[in-house]
Asker: 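If you scroll down you'll find the structure; I have some questions about it.
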Amino acid sequence: MAVSADYQVKFPESGDLYSILAAEGIEFLLSHSGEVPLEYIHGKTICLFFSAIWCRPCKDFTPELIKLYENLQNRGEELEIIFVSFDHDMTSFYEHFWCMPWLAVPFNLSLLNKLRDKYGISRIPSLVPLYSDEISVAEDVIGLIEDYGSEAFPFTKKRKEELKAIDDSKRLGGQLEKLLTHESRNYVVARNGSKVLVSKLVGKTIGLYFGAHWCPPFRSFTSQLVDVYNELATTDKGSFEVILISTDRDSREFNINMTNMPWLAIPYEDRTRQDLCRIFNVKLIPALVIIGPEEKTVTTNAREMVSLYGSRSFPFTESRIVELKACLKKEGDSLPRKVKDNKHEHELNLDMAKAYVCDFCKKQGRFWAFSCNACDYDLHPTCVEEEEALLV
């Protein structure tokens with residue numbers, strides 16, 4: 001079964017739960033220390049957690065829910081989660097329940113069927129907050145928790161809208177420090193472990209670089225970005241900075257990543273990494289988002305700009321790309337369509353190439369090249385020794 005998607009936007013109040021339990025003759029809930037009377041949960045916000053030990057998405061999500069539960073308990077929130085088991089037998093039920101710090105209804109197939117039908121559960125894991133009909137619950141509570149952690153509480157539609165508004169404000173609001181820091185961290189880290197205050201980066205063009213070491217396209221693009229970064233560090237006097245937003249699977253991969261990068265990073269253990277992926281809707285890696293000197297988002301597609309134009313795309317604005325295209329067209333219009341070079345037996349055609357290596361000077365080229373259609377041969381326009389230009 002997959003992670004829970006949408007279900008009804010409004011849920012019955014907790015009185016329906018008591019009625020179902022009473023119909024099954026159940027007068028108590030279970031905890032690790034024994035039976036707990038139903039009166040214990042009166043007055044609390046109750047969430048039913050439908051899960052099973054055989055369900056991989058359940059096993060992946062449960063640690064997140066435990067962290068949320070403990071955070072909310074420490075904040076003094078009157079929340080109680082009640083586990084409803086989809087396990088196949090009593091042994092599996094207790095094995096799964098053993099890792100949970102909350103309560104559970106007794107393992108009972110008839111009870112499970114009634115609760116499943118009552119709350120319209122078609123997938124697990126599912127988390128069902130029990131509010132009165134006057135309170136609208138957010139769709140996909142599981143997804144909301146995965147995105148926002150304990151900030152998702154109390155899991156209402158209103159709270160979801162508030163969180164989306166905060167994300168929009170961070171993405172569009174023009175405040176770099178608000179985007180990259182939080183109350184317990186005001187810095188990013190360099191590969192040598194030193195800390196750089198985010199306030200020191202204000203006024204620069206910032207590239208938020210999303211990716212992971214395990215991803216081959218990310219490793220390939222990183223080499224391109226390193227060249228651009230180093231070139232701009234020389235020509236633009238440090239006005240461009242890159243910050244890695246790691247999606248690595250563990251800290252070991254993150255550390256390997258950083259050894260190959262001359263720029264900064266959000267610390268691996270910091271949840272801001274996941275927040276930035278959500279704020280900028282990053283679904284594919286590598287991705288490069290540009291924040292301009294005015295601290296506003298310039299583009300979310302700088303990867304394509306860098307791939308096509310290299311450091312010439314700086315500062316990665318749409319107006320710069322329009323200017324580049326016009327310049328390249330002018331350069332191309334000034335070159336012959338075909339040439340016959342003294343160093344090669346075949347006719348060479350003018351071609352636009354994202355990147356190539358000149359077969360004469362052995363240096364990397366970009367944009368215009370004279371290429372052979374008969375064999376893999378490319379020349380920089382400046383390396384051509386023409387017998388004659390064949391204008392077409």
Side-chain angles (χ1 to χ4, degrees), residues 176 179-180 187-196 198 201 204-292 297-317 320-321 324 353-358 362-367:
L176 189 67
L179 181 66
L180 300 181
Y187 59 86
V188 288
V189 295
R191 63 180 174 181
N192 62 4
S194 62
K195 299 176 181 179
V196 177
V198 173
L201 304 178
K204 294 187 176 187
T205 297
I206 304 295
L208 302 181
Y209 186 33
F210 298 81
H213 181 72
W214 54 261
C215 173
F218 171 80
R219 296 198 300 270
S220 176
F221 181 71
T222 295
S223 62
Q224 291 180 262
L225 189 56
V226 167
D227 291 341
V228 168
Y229 180 86
N230 289 334
E231 187 173 340
L232 291 175
T234 301
T235 59
D236 285 272
K237 300 179 181 179
S239 59
F240 178 52
E241 187 55 74
V242 175
I243 300 174
L244 174 66
I245 315 300
S246 168
T247 56
D248 289 300
R249 291 170 293 198
D250 53 46
S251 58
R252 183 187 67 84
E253 287 186 354
F254 170 77
N255 291 333
I256 293 173
N257 239 344
M258 285 299 291
T259 60
N260 298 316
M261 297 177 177
W263 45 69
L264 307 171
I266 297 291
Y268 182 78
E269 64 278 4
D270 199 308
R271 187 182 171 83
T272 303
R273 297 183 302 111
Q274 293 93 326
D275 292 342
L276 289 169
C277 287
R278 182 191 67 247
I279 289 169
F280 290 103
N281 196 31
V282 174
K283 303 297 184 184
L284 297 174
I285 57 172
L288 183 63
V289 173
I290 298 298
I291 309 297
T297 303
V298 173
T299 180
T300 58
N301 193 28
R303 175 191 175 185
E304 181 178 2
M305 295 179 179
V306 170
S307 296
L308 288 174
Y309 304 111
S311 61
R312 291 179 69 177
S313 58
F314 182 82
F316 314 107
T317 59
R320 176 55 180 161
I321 299 306
L324 273 175
K354 185 167 66 173
Y356 65 95
V357 175
C358 177
K362 305 304 179 185
K363 294 180 181 179
Q364 187 169 7
R366 188 183 291 272
F367 311 125

Asker: Run Leu180 and Leu176 through side-chain contact (heavy atoms from CB on, under 4.5 Å) and show every step you take.
Answerer: CA-CA 6 Å; Leu180 300 181; Leu176 189 67; 3.7 Å; yes
Asker: Side-chain donor-acceptor contacts of residues 275-287 below 3.5 Å, not counting sequence neighbours, with atom names and distances?
Answerer:
unit_1: Asp275; atom_1: OD1; unit_2: Arg278; atom_2: NH1; d: 3.1
unit_1: Arg278; atom_1: NE; unit_2: Tyr148; atom_2: OH; d: 3.3
unit_1: Arg278; atom_1: NE; unit_2: Asp167; atom_2: OD2; d: 2.7
unit_1: Arg278; atom_1: NH1; unit_2: Asp147; atom_2: O; d: 2.6
unit_1: Arg278; atom_1: NH2; unit_2: Asp167; atom_2: OD1; d: 3.0

Asker: Supply the atom-to-atom distance Arg303 CZ to Leu225 CG, rounded to the nearest 0.5 angstrom.
Answerer: 11.0 Å
Asker: Check whether any side-chain heavy atom of Leu179 sits under 4.5 Å from a side-chain heavy atom of Leu208, and report yes or no.
Answerer: yes
Asker: Considering residues at least two apart in sequence or located in another chain, which fulfil the salt bridge (charged side-chain N to carboxylate O under 4.0 Å, His left out) criterion with Arg320?
Answerer: Glu323
Asker: May I have the step-by-step check of side-chain contact (heavy atoms from CB on, under 4.5 Å) for Leu201 and Ile243, ending in yes or no?
Answerer: CA-CA 10 Å; Leu201 304 178; Ile243 300 174; 3.8 Å; yes
Asker: What do the steps show when you test Asp227 against Gln224 for side chain to side chain donor-acceptor pair (under 3.5 Å), and what is the final call?
Answerer: CA-CA 5 Å; Asp227 291 341; Gln224 291 180 262; over 6 Å; no
Asker: With rounding to the nearest 0.5 Å, note down the distance linking CZ in Arg273 to CZ in Phe254.
Answerer: 7.5 Å
Asker: Distance check, rounded to the nearest 0.5 Å: Leu232 atom CG versus Thr205 atom OG1?
Answerer: 9.0 Å
Asker: Would you say Tyr229 and Ser311 are linked by a side-chain donor-acceptor pair, where the criterion is simply a distance under 3.5 Å?
Answerer: no
Asker: Just verifying a value: how many Å separate Ile291 CD1 and Glu241 CD, rounded to the nearest 0.5 Å?
Answerer: 13.5 Å
Asker: Is there side-chain contact between Thr300 and Leu288, with at least one heavy-atom pair below 4.5 Å?
Answerer: no
Asker: Run the side-chain contact (heavy atoms from CB on, under 4.5 Å) test on Ser194 and Val189 for me, step by step, so that the C-alpha distance in whole Å, both residues' side-chain angles and the decisive distance to 0.1 Å come before the verdict.
Answerer: CA-CA 6 Å; Ser194 62; Val189 295; over 6 Å; no
Asker: List the residues meeting side-chain hydrogen bond (donor to acceptor under 3.5 Å, both in side chains) with Asn257, not counting sequence neighbours, and say none if there are none.
Answerer: Asp248
Asker: Hey, would you say the Phe210 and Phe218 ring centroids sit under 6.0 Å apart?
Answerer: no
Asker: Let me have the donor-acceptor pairs involving side chains of residues 258-267, under 3.5 Å, with sequence neighbours excluded, atom names and distances please.
Answerer:
unit_1: Thr259; atom_1: OG1; unit_2: Ile256; atom_2: O; d: 2.6
unit_1: Asn260; atom_1: ND2; unit_2: Ile256; atom_2: O; d: 3.3

Asker: Roughly how far, to the nearest 0.5 Å, is CZ of Arg252 from NE2 of His213?
Answerer: 7.5 Å
Asker: Test side-chain contact (heavy atoms from CB on, under 4.5 Å) on Ile290 and Thr297; report intermediate values, then the result.
Answerer: CA-CA 6 Å; Ile290 298 298; Thr297 303; over 6 Å; no
Asker: Please name all residues satisfying side-chain hydrogen bond (donor to acceptor under 3.5 Å, both in side chains) with Glu253, sequence neighbours left out, ordered by chain then number.
Answerer: Arg249
Asker: With Phe316, which residues qualify under ring pair (Phe, Tyr, Trp, His ring centres under 6.0 Å), at least two apart?
Answerer: Phe240, Phe314
Asker: Could you measure the distance from the OG1 atom of Thr272 to the CD1 atom of Ile245? Nearest 0.5 Å is fine.
Answerer: 8.5 Å
Asker: Treating Ser220 as the side-chain partner and Pro216 as the backbone partner, does any N or O pair qualify as donor plus acceptor under 3.5 Å?
Answerer: no
Asker: Can you check whether Tyr268 reaches Asn255 side chain to side chain, under 4.5 Å on heavy atoms?
Answerer: no
Asker: Do the side chains of Val357 and Lys363 get nearer than 4.5 Å, heavy atoms only?
Answerer: no
Asker: Could you tell me if Thr299 and Asn301 have a donor-acceptor pair between their side chains, going purely by distance under 3.5 Å?
Answerer: no
